[in-house]
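Just so it is clear, the structure is predicted and the values come from calculations on it, not from any experiment. Both ligands and their constituent atoms are indexed starting at 1 by order of listing.
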Amino acid sequence: MKDVIEVEVAVVGGGPTGLMLACELALAGIRVTVFERRAEPVRQSRALTLHPRSLEVLALRGLAPRFLERGRPIPTGHFAMLDTRLDFSVLDTSFPFTLYLPQLDTEQLLEARARELGVDVRRGHEVEALRQDSEGVSLEGTAAGAAFRCEARYVVGADGARSRVRQLAGIRFVGTDTTLTAMLGDVVLGEPPATPAHSVNNARGGVMLVPLGPSLHRVVIFDPARARVPLQEAVTLEELKQSSVNIAGTDFGMREPRWLSRFGNETRLAERYRVERVLLAGDAAHIHFPAGGQGLNVGLQDAMNLGWKLAGVLRGHAPATLLDSYHQERAPVGEALLRNTEAQTALMPHDASVMALRDLLSDLLKSPALNRPLADRLAGFDGAYPALDLPAPPHEGEPLKALTGRRLPDLALTLRDGSVRRLYSLLHDGKWLWLRLREGGRTPEWGRWTHVVEARRLEEREELVPVGDMLIRPDGHVGWAWAPPSRARAGMA
Ligand SMILES: Cc1cc2nc3c(=O)[nH]c(=O)nc-3n(C[C@H](O)[C@H](O)[C@H](O)COP(=O)(O)OP(=O)(O)OC[C@H]3O[C@@H](n4cnc5c(N)ncnc54)[C@H](O)[C@@H]3O)c2cc1C
């Protein structure tokens with residue numbers, strides 16, 4: 001007899017994306033189960049970085065302090081390990097840095113949060129079959145040798161690069177195979193470099209070193225002479241040391257390897273992020289050469305984009321078509337991620353012509369005006385989303401269309417009583433926020449998951465000066481913004 005689990009949303013995969021999504025859904029009161037095939041968390045951390053937009057996403061739910069406490073901020077990011085790093089300190093955010101935090105910590109913190117919110121996280125549960133109809137989705141799988149079944153209204157595949165959900169839903173994963181590989185090692189360094197994010201690049205290859213603790217470092221090596229070694233061939237400490245000596249002239253005293261791995265540049269994007277009641281997020285939707293430390297970050301941001309939409313549809317606050325905006329908004333971000341990692345991959349061979357290009361780009365990136373747009377991209381500040389395909393709320397004011405879909409930083413807000421609050425602190429509950437900056441008139445009824453805040457002033461910013469009302473999405477992007485109604489019509493508002 002199969003154990004049947006009935007839920008509103010089943011999330012397949014308990015990695016960072018699946019856990020973040022589960023938190024978002026549970027916050028909105030949705031019954032959610034996470035099925036994770038591994039009985040125990042993976043001890044080795046692939047990702048080490050949380051970028052500014054991910055920190056904002058966490059701050060939108062009041063979670064940033066937990067992550068900041070454990071991680072180490074570095075005011076830069078990198079593109080293709082170029083000698084000139086990306087300056088994050090100039091970005092328009094409360095988090096102008098990369099937070100070095102191992103993926104294991106990120107997952108632990110998200111899992112703890114999910115459990116706090118009542119998410120049913122089931123480890124050791126592998127999903128093997130999926131069937132959907134107009135009412136819901138059935139999953140089947142195995143846990144500790146016994147079969148289980150789950151009936152859900154929606155299923156999200158957050159089950160990583162080899163996503164079973166994606167395959168079972170018949171979604172094509174379009175792209176290219178691995179053509180080159182690189183190596184990493186988490187090792188103790190007897191002779192660590194003086195700077196925290198140290199790299200060496202020359203015609204023999206590239207070496208990057210990132211501290212993981214007092215003596216432990218992540219060493220990443222692109223050695224053109226080893227770039228054709230297949231992924232399946234295990235990396236040895238000797239190989240890592242030899243490549244480092246060949247490129248940097250030293251092995252930095254590498255010893256006591258904790259993890260050695262080879263990774264490649266297979267690059268693919270899901271053709272659709274949604275097929276009816278099945279959706280994809282994170283690595284299940286996009287894979288690429290892990291350059292610039294972006295994959296986990298984009299996964300967290302996918303989850304933030306999807307959570308409130310799925311909750312809104314399940315609670316009847318929004319039509320099911322709102323879910324199409326998930327693909328419309330996030331697939332271009334996935335596409336841009338693939339393009340920038342392909343560009344970085346093209347800069348990996350270190351032959352004479354590529355070295356010339358690397359030197360040129362490094363030189364250009366010294367200019368703040370050129371550094372900034374690339375820093376914005378890697379940080380996750382990709383620009384505005386298109387207007388949502390929802391009926392605009394009734395309003396007498398002039399729509400401020402240039403603001404539609406824009407991400408708002410954590411602005412300071414002076415409320416009517418004179419107290420000052422940060423904008424994100426008003427979004428911790430995951431609802432829409434109707435921000436009223438004009439005096440008088442009524443707030444039109446908008447039958448969604450919304451709360452209203454009346455404020456006197458918003459932090460001084462040219463583009464926000466004309467705003468009278470702003471309806472802010474749960475993910476901190478502008479849904480709609482209006483100038484105050486003109487005097488003649490103000491009484492009608
Ligand atoms: C070498 C390397 C370095 C990287 N460095 C960075 C970095 O610095 N910064 C960054 O942002 N990203 C980095 N990444 C990418 C990052 O690790 C991934 O993008 C991230 O793990 C994706 O998270 P996810 O939750 O989408 O998928 P995953 O982390 O892959 O999680 C998927 C989960 O689903 C589970 N699962 C799979 N199939 C099933 C099934 N059938 N049933 C139940 N459970 C299932 C898996 O066990 C897994 O736990 C790096 C990647 C590599 C390879």
*asked:* Assess the residue pair T142 and E128 against the criterion (side-chain hydrogen bond (donor to acceptor under 3.5 Å, both in side chains)); give the C-alpha distance rounded to whole Å, side-chain angles, the decisive distance to 0.1 Å, and a yes or no.
replied: CA-CA 7 Å; T142 309; E128 293 157 336; 2.8 Å; yes

Would you mind listing which atoms of ligand 1 come within a distance below 4.0 Å of any non-hydrogen atom of [X]?
X: G282; result: 26 (O)
X: L48; result: 7 (C), 8 (O)
X: A158; result: 32 (C), 33 (C), 34 (O)
X: F263; result: 1 (C)
X: L184; result: 1 (C)
X: G15; result: 25 (O), 31 (O), 33 (C)
X: G160; result: 27 (O), 30 (O), 32 (C)
X: H125; result: 42 (N), 43 (C)

Is [X] in polar range of ligand 1, meaning some N or O pair under 3.5 Å apart?
X: A161; result: no
X: A281; result: no
X: P290; result: no

Just need the protein heavy atom nearest to [atom], so name the residue and atom and give the distance.
atom: atom 45 (C) of ligand 1; answer: R37 CG, 3.8 Å
atom: atom 9 (N) of ligand 1; answer: T49 OG1, 2.8 Å
atom: atom 41 (N) of ligand 1; answer: V127 O, 3.0 Å
atom: atom 49 (O) of ligand 1; answer: E36 OE1, 2.6 Å
atom: atom 25 (O) of ligand 1; answer: T17 N, 3.0 Å
atom: atom 14 (N) of ligand 1; answer: A47 CB, 4.0 Å
atom: atom 39 (C) of ligand 1; answer: D159 CB, 3.8 Å
atom: atom 34 (O) of ligand 1; answer: G13 CA, 3.2 Å

Counting only heavy atoms, tell me which of [options] gets closest to [atom].
atom: atom 16 (C) of ligand 1; options: L296, L19, V12; result: L296
atom: atom 22 (C) of ligand 1; options: D302, V298, D283; result: D283
atom: atom 5 (N) of ligand 1; options: R46, M183, Q103; result: R46

_Contact summary for V32 and V7, nearest pair of heavy atoms_ =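 Scanning both residues completely, I find the closest heavy atoms to be C-CG1, 4.4 Å.
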
*Kindly determine whether E56 and S94 satisfy side-chain hydrogen bond (donor to acceptor under 3.5 Å, both in side chains), including the steps that lead there.*
CA-CA 8 Å; E56 287 190 348; S94 305; over 6 Å; no

*Taking atom types as modelled, is there a side-chain donor on Q103 or E107 under 3.5 Å from an acceptor on the other?*
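Q103 vs E107: donor-acceptor pair found between side chains.
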
Within a radius of less than 6.0 Å around [atom1] of [X], do more than 12 heavy atoms belonging to other residues, nucleotides or ligands occur?
X: R339; atom1: CZ; result: no
X: E135; atom1: CD; result: no
X: R377; atom1: CZ; result: no

*Which bit of H51 is near ligand 1, meaning a heavy atom under 4.0 Å away: side chain, backbone, both or neither?*
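Under 4.0 Å from ligand 1, H51 contributes no heavy atoms.
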
_Ring-plane angle category for F35 and F148, please: parallel below 30°, perpendicular beyond 60°, tilted otherwise._
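Parallel, since the angle between the ring planes stays under 30°.
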
*asked:* Whether the side chain of D251 engages the backbone of S244 through a donor-acceptor N/O pair (distance < 3.5 Å, no angle test) should be reported.
replied: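 Judged by distance alone, no pair lies under 3.5 Å.
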
When you measure from the centre of the six-membered ring of [Y], is the NZ or CZ of [X] under 6.0 Å away and within 45° of the axis?
X: R274; Y: Y326; result: no
X: R72; Y: Y100; result: no
X: R166; Y: F173; result: yes

*So, do F88 and H51 have ring centers that fall under 6.0 Å from each other?*
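Between H51 and F88, which both carry aromatic rings, the centre distance is below 6.0 Å.
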
_I'd like to know whether D223 forms a side-chain hydrogen bond (donor to acceptor under 3.5 Å, both in side chains) with Q242, so could you lay out the CA-CA distance, the side-chain angles of the two residues, the decisive distance to 0.1 Å, and finally the verdict._
CA-CA 10 Å; D223 181 349; Q242 191 57 56; over 6 Å; no

